[in-house]
Amino acid sequence: MIGKLKQRWNIKSNFQVIIILVVFAITGSTTVYLKKMIFNLAGIDAETPLMAKVIFYIVVILAVYNVLLLIIGFLFGQFRFFWEFEKKFFSRLLFRKKRVVVNNRQLNI
């Protein structure tokens, strides 16, 4: 399993895989903890319509998670990996096509 992650993430060491997985775990746990506080600050409770909760969650919590991922990744010395991860994530989220240059020609994939 670690070998597949190393290949997929294009990294060399097992230790780096472990660090990256720890960063994901800490970020996820921290986001769940902060969600409660953020929802309370925004006044979202059991009375709030479900659709409003979902939209707020997607917009705000997704942003918080991604910022935390970069910060915690930086603290663990993996900023470059998580910066590239974020760029790939948002390009997929925004349905951007990959641009590849082959023989001085730009191709959209």
Side-chain angles (χ1 to χ4, degrees):
M1 182 172 120
I2 287 181
K4 288 182 181 181
L5 290 175
K6 284 170 44 177
Q7 183 179 10
R8 179 178 180 163
W9 291 339
N10 195 25
I11 54 179
K12 304 276 187 261
S13 79
N14 291 342
F15 182 70
Q16 190 177 8
V17 172
I18 303 288
I19 294 297
I20 290 168
L21 292 174
V22 166
V23 169
F24 277 122
I26 291 171
T27 303
S29 299
T30 305
T31 304
V32 169
Y33 176 76
L34 291 175
K35 175 199 165 271
K36 295 174 189 174
M37 292 189 325
I38 293 169
F39 270 46
N40 286 338
L41 286 172
I44 295 177
D45 57 14
E47 307 269 326
T48 307
L50 179 62
M51 195 53 143
K53 288 181 191 178
V54 170
I55 292 170
F56 185 82
Y57 187 87
I58 290 171
V59 172
V60 175
I61 302 303
L62 182 65
V64 168
Y65 177 82
N66 285 297
V67 169
L68 278 175
L69 193 60
L70 291 174
I71 292 169
I72 296 170
F74 173 77
L75 294 175
F76 278 82
Q78 298 298 317
F79 182 80
R80 179 174 290 168
F81 172 82
F82 286 104
W83 181 248
E84 294 301 320
F85 183 85
E86 292 287 326
K87 289 192 302 188
K88 187 185 295 184
F89 172 77
F90 280 105
S91 71
R92 288 178 181 164
L93 187 68
L94 300 172
F95 304 108
R96 292 189 181 163
K97 293 182 179 183
K98 252 188 197 177
R99 291 186 180 163
V100 178
V101 177
V102 178
N103 296 330
N104 295 326
R105 290 180 45 199
Q106 198 172 36
L107 304 172
N108 290 327
I109 296 177

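Quick note: numbers below take in every heavy atom, side chains included, and nothing from hydrogens, waters or symmetry partners.
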Checklist entry - Which residue pairs pass the salt bridge (Lys or Arg N to Asp or Glu O under 4.0 Å) test with at least one member in residues 60-84, sequence neighbours excluded? => result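 For residues 60-84, and leaving out neighbouring residues, the salt bridge (Lys or Arg N to Asp or Glu O under 4.0 Å) pairs sorted by first residue read Glu84-Lys87.
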Checklist entry - Can you pull the side chain to side chain donor-acceptor pair (under 3.5 Å) pairs that have at least one residue in residues 57-68, sequence neighbours excluded? => result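 As it turns out, there is no side chain to side chain donor-acceptor pair (under 3.5 Å) pair with a partner in residues 57-68 once direct neighbours are skipped.
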Checklist entry - side chain to side chain donor-acceptor pair (under 3.5 Å): which pairs involve residues 67-79, sequence neighbours left out? => result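 Matches after skipping sequence neighbours: Gln16-Gln78.
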Checklist entry - When you look at Ile11 and Ile20, which way does the side-chain contact (heavy atoms from CB on, under 4.5 Å) test go after all the steps? => result CA-CA 10 Å; Ile11 54 179; Ile20 290 168; 3.8 Å; yes
Checklist entry - Excluding sequence neighbours, so at least two apart, what forms ring-ring contact (aromatic ring centres under 6.0 Å, His included) with Phe56? => result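 Phe56 satisfies ring-ring contact (aromatic ring centres under 6.0 Å, His included) with Phe39 once adjacent residues are dropped.
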Next on the checklist: The criterion is side chain to side chain contact (heavy atoms under 4.5 Å, CB included); which residues satisfy it with Phe76, sequence neighbours excluded?
Outcome noted: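 Once residues adjacent in sequence are excluded, the partners of Phe76 under the side chain to side chain contact (heavy atoms under 4.5 Å, CB included) criterion are Ile19, Val22, Val23, Ile26, Ile72.
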Item to check | Under the side chain to side chain contact (heavy atoms under 4.5 Å, CB included) test, residues paired with Tyr33 that sit two or more places apart | outcome: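 Expected list: Met37.
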Next on the checklist: Measuring centre to centre across the rings, with the benzene-like ring taken for any Trp, is Phe89 within less than 6.0 Å of Phe82?
Outcome noted: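 Centroid distance Phe89-Phe82: not below 6.0 Å, so no.
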Checklist entry - To which residues is Leu50 joined in a hydrophobic cluster, defined by side-chain heavy-atom contacts under 4.5 Å among Ile, Leu, Val, Met, Phe, Trp and Tyr, whether direct or through other members? => result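 Other cluster members: Val54, Ile58.
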Checklist entry - What's the shortest heavy-atom distance between Thr31 and Thr27, and which atoms? => result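 So the minimum-distance heavy-atom pair works out to OG1-O, 2.7 Å.
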Item to check | Residues forming a side chain to side chain donor-acceptor pair (under 3.5 Å) with Thr48, sequence neighbours excluded | outcome: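 Checked Thr48 against side chain to side chain donor-acceptor pair (under 3.5 Å); matches are Asp45.
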Checklist entry - With sequence neighbours left out, what residues match Lys6 under side chain to side chain donor-acceptor pair (under 3.5 Å)? => result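 For Lys6 the side chain to side chain donor-acceptor pair (under 3.5 Å) partners, ignoring immediate neighbours, are Asn14.
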Check the hydrophobic clustering (I, L, V, M, F, W, Y; side-chain heavy atoms under 4.5 Å; chains of links allowed) and say if [X] and [Y] are grouped together.
| X | Y | answer |
| --- | --- | --- |
| Val32 | Leu34 | no |
| Leu41 | Val67 | no |
| Leu62 | Phe24 | no |
| Phe74 | Val17 | yes |
| Phe90 | Leu70 | no |

Would you indicate whether the side-chain heavy atoms of [Y] and [X] approach each other to under 4.5 Å?
| X | Y | result |
| --- | --- | --- |
| Thr30 | Val64 | no |
| Leu5 | Leu21 | yes |
| Ile18 | Ile2 | yes |

Next on the checklist: I'd like to know whether CH2 of Trp9 has more than 12 heavy-atom contacts from other residues, nucleotides or ligands below 6.0 angstrom.
Outcome noted: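 Enclosed.
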